2 protein chains.
Amino acid sequence: MTSDTPSGKQAKSPRNGGDQLLEVDDRLFLQSVARALYVLEAFGRDARPMSLSEIAASARITKSAAQRAAQTLLSLGYLERSSDGGLLPGRRLLDRAFDYLRSNPLIERATPILIELRKNSSERVDFSLFDDLSILYAIRLQSKRETFFATLAGRRIPTFCSSGGRAMLAHLDDAAIDDILRRSERKALTPKTITDLDKIWDKVREARREGYAYAVEESLLGEVVLSAAVLDDRRQPVAAVHIAGSLSEWTVDDFRKRFAPLAIEAARALSY
Amino acid sequence: MTSDTPSGKQAKSPRNGGDQLLEVDDRLFLQSVARALYVLEAFGRDARPMSLSEIAASARITKSAAQRAAQTLLSLGYLERSSDGGLLPGRRLLDRAFDYLRSNPLIERATPILIELRKNSSERVDFSLFDDLSILYAIRLQSKRETFFATLAGRRIPTFCSSGGRAMLAHLDDAAIDDILRRSERKALTPKTITDLDKIWDKVREARREGYAYAVEESLLGEVVLSAAVLDDRRQPVAAVHIAGSLSEWTVDDFRKRFAPLAIEAARALSY
DNA sequence: ACGTTTGTATCGTATATCGATACGGACCTG
DNA sequence: CAGGTCCGTATCGATATACGATACAAACGT
């Protein structure tokens, strides 16, 4: 699964869950646009070539609607045909993601600082955005040996079990933290993932004390990650700076001692 | 400018250039979907927060249409409000780009090979897709010191002046090459960019002989890039493997001798 | 206080979108 | 090879949906 929030506020959209009744709260809402985006979002659930019928089923729209949306998206390059005739996301989506990164002032400011951090640390450096139940990787500066997913911007990780997520949680008030943790699925990504509510709270409180959070093998075995939160002008957490290293090269304590100050400094430089 | 092709085949869309007459060739084309995408594409021309009116002007749609599209995109997370109330691309676009990379079989196959190549070369390794007048970076594995744009997937570079572009051109027939070069704007990116038609042809012919192409400071001063084309099952070029190095560390000849075999081997492994 | 922006909201109209349905081809299966 | 069942594509009449003009208040820069 790519995203956990089901595409914005559904209450306002004409498509409310399984209900067939179309109650239009928002007079300006374009249902055909939403349906076209549901078509694209189907590939977030199944990252493989899909037939029109599969897409229609996944997006919960009629085959006709899927047909029209797919034709339109195909002609504009946001959908492509795979070699076997199936449908795939189109490369135009890369252009739009590029625009996102390029237009976003925070990311523009963050990039040189992260590049500097990458140079000074020689470890992988990531920049993630806080997005409710998940965090979203926006910038990834790899080290030498990496996996497929460690190279990809756009990847999401649950907030509760990522160091970046917990670093950001630490800056919320208790009620907001509780709300997020309760709504989270808390499924383990590795055998080391901390899923127990009390233990997560301990980690969050620790992050409050130390000014940074860390996670050992919670999302990838053999990896230790350390993060500091970036705050906006209202002192709300919006992003996190991550430094990730390998346990084959570092002990957890050495890694923390060495890199925590660097991550905190970078995050402070990006905060208001 | 992000993309050169004006969003697919305009002839089939109801919006034909400056004409106001809406002639619908394709009965399945959803104009509101297209307009919503034109709204997003406006940020490809201006990567900054924009007002609704600016967007409407840039997308060549009425303010009302822009208003409806923006509301819809906002509610679905594909558009966001900036701190000053302007509109910006939304982070949901990153999810879709992630889906694109994850669903694409070629990119899935390419990633481990590129990671290996990056490890063996210790230089920056890129993977680009052929897209008519431009090439589109899909995977970027940075080296230590990089610039902002060198880290971003989704970036486009003109085909005619990039080593990857010319490596791919070399596998087309002469008429197709001529067609692409004629339609290209051939604007210099650096003082070293080769814009002369005959000289570009020389470079393409050289790439045919050698099995790879290279470019010295043509898109970034101080940088040498070397590329080999990836062919599909019809022997048509679809992508290119790039290795990029710094002229402060390499002479052009040494760089070519050292890395050309590696790039060619990686590209062959990805071809059919 | 004045134009001139902006974003937002309203509204009657007509047209663009709707979903059901039909068609032909591809692919299995018996 | 006949009889299924999928597929993608095309058609069509009805009406819900999206259309663009317009109005409005708020914000801004004189």
Side-chain angles (χ1 to χ4, degrees), chain A residues 9 12-16 18-39 42 46 48-76 79-88 90, chain B residues 9 12-16 18-39 42 46 48-76 79-88 90:
Chain A
K9 40 178 174 180
K12 280 229 168 182
S13 95
R15 171 167 159 280
N16 45 354
D19 229 333
Q20 287 293 3
L21 237 184
L22 306 185
E23 41 167 328
V24 182
D25 279 338
D26 197 346
R27 305 288 301 274
L28 299 177
F29 193 87
L30 299 178
Q31 71 166 204
S32 57
V33 171
R35 290 202 263 226
L37 293 170
Y38 297 152
V39 165
D46 270 297
R48 58 180 174 83
M50 279 199 269
S51 74
L52 203 52
S53 314
E54 286 177 307
I55 291 173
S58 177
R60 310 260 201 107
I61 58 179
T62 66
K63 197 176 146 188
S64 293
Q67 180 188 16
R68 284 187 292 268
Q71 282 296 334
T72 306
L73 292 169
L74 266 171
S75 81
L76 297 176
L79 222 46
E80 289 177 12
R81 304 224 85 109
S82 88
S83 45
D84 63 342
L87 291 166
L88 279 177
Chain B
K9 39 176 174 180
K12 280 231 169 180
S13 96
R15 170 165 160 280
N16 45 354
D19 228 334
Q20 286 294 3
L21 237 184
L22 305 185
E23 41 166 330
V24 182
D25 281 339
D26 195 347
R27 305 288 301 274
L28 299 178
F29 192 87
L30 299 179
Q31 73 166 203
S32 57
V33 171
R35 290 202 264 224
L37 293 170
Y38 297 153
V39 165
D46 270 298
R48 58 180 174 84
M50 278 200 269
S51 74
L52 202 53
S53 315
E54 285 177 308
I55 291 172
S58 177
R60 308 261 204 109
I61 59 180
T62 65
K63 198 176 142 188
S64 293
Q67 180 188 16
R68 282 188 293 270
Q71 283 296 334
T72 307
L73 293 169
L74 267 171
S75 82
L76 297 176
L79 221 46
E80 290 176 11
R81 304 224 85 109
S82 88
S83 46
D84 63 342
L87 292 166
L88 278 176

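Since this is a predicted model, take the numbers as computed values, not measurements. Heavy atoms only: backbone and side chains are in, while hydrogens, waters and symmetry mates are out. Here is the naming used below: chain letters follow the sequence lines, and residue numbers restart at 1 for every chain.
Of the candidate nucleotides dT10(C), dA18(D), dT9(D), dT9(D) has the atom lying nearest to any side-chain atom of K63(A). Side chain of L52(A), nearest nucleotide from dT8(C), dG8(D), dA18(D): dG8(D). Checked against dG8(D), dA20(C), dA18(D), the side chain of Q31(A) finds its nearest nucleotide in dA18(D). With dT8(C), dT17(C), dA18(D) as the choices, the nucleotide that has an atom nearest any side-chain atom of Q71(B) turns out to be dT8(C). The side chain of R35(B) lies closest to dA18(D) when the candidates are dA18(D), dA9(C), dA21(D). Comparing dA10(D), dG20(D), dC7(D) against the side chain of S51(A) picks out dC7(D) as the nearest.
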* Does the side-chain contact (heavy atoms from CB on, under 4.5 Å) test come out yes or no for V39(B) and L87(B), once each step is laid out? -> CA-CA 10 Å; V39(B) 165; L87(B) 292 166; over 6 Å; no

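Contact detail for T72(A) and A34(B): the closest heavy-atom pair is CG2-N, 4.4 Å. Nearest heavy atoms, M50(A) versus I55(A): CB-CG1, 3.8 Å. Taking every heavy atom of both residues into account, F29(A) and S75(B) meet most closely at CE1-OG, 3.2 Å. In this structure, L30(B) and S32(A) approach most closely via the heavy-atom pair CD1-CB, 4.2 Å. Nearest heavy-atom pair across L76(B) and L37(A) is CD1-CD1, 3.5 Å. Considering all non-hydrogen atoms of both residues, A66(A) and L52(A) come closest at O-CD1, 3.7 Å.
Atom CG of D84(A) is separated from atom P of dA26(C) by 15 Å (rounded to the nearest Å). Atom pair L79(B):CG and dG7(C):C1' shows a separation of 14 Å (rounding to whole Å applied). Note: CD (Q67(B)) to P (dA18(D)) measures 14 Å, nearest angstrom. Rounded to an integer number of Å, the gap from CG of L28(A) to P of dT10(C) is 9 Å. If you take CG of L30(B) and P of dT15(C), they are 18 Å apart, rounded to a whole angstrom. As a whole-Å value, the separation of I61(A) CD1 from dG19(C) P is 9 Å. For the pair I55(A) CD1 and dG8(D) P, the interatomic distance rounds to 8 Å; values are reported in whole Å.
Put simply, the side chain of R81(B) and the base of dG7(C) share no donor and acceptor less than 3.5 Å apart.
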* **Dot-bracket summary - DNA chain C, pairs being Watson-Crick or G-U whose distances fall under 3.5 Å, with | when paired to another strand** => ..|||||||||||||||||||||.|||..|

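Residue L87(B) is the one, among S32(A) and L87(B), whose nearest nucleotide of DNA chain C lies closer to the 5' end (criterion: closest heavy atom). Across the interface with DNA chain D, nearest-nucleotide mapping of S53(A) and V33(A) shows S53(A) to be the residue nearer the 5′ end.
Proximity of a side-chain donor or acceptor of S82(B) to a complementary backbone N or O of P49(B) within less than 3.5 Å is not detected.
Contacts of S64(A) with the nucleic acid, taken as non-hydrogen atoms under 4.0 Å apart, include base atoms.
At dG19(C), one or more side-chain N or O atoms of R68(A) fall inside 4.0 Å of OP1 or OP2 (strictly under the cut-off).
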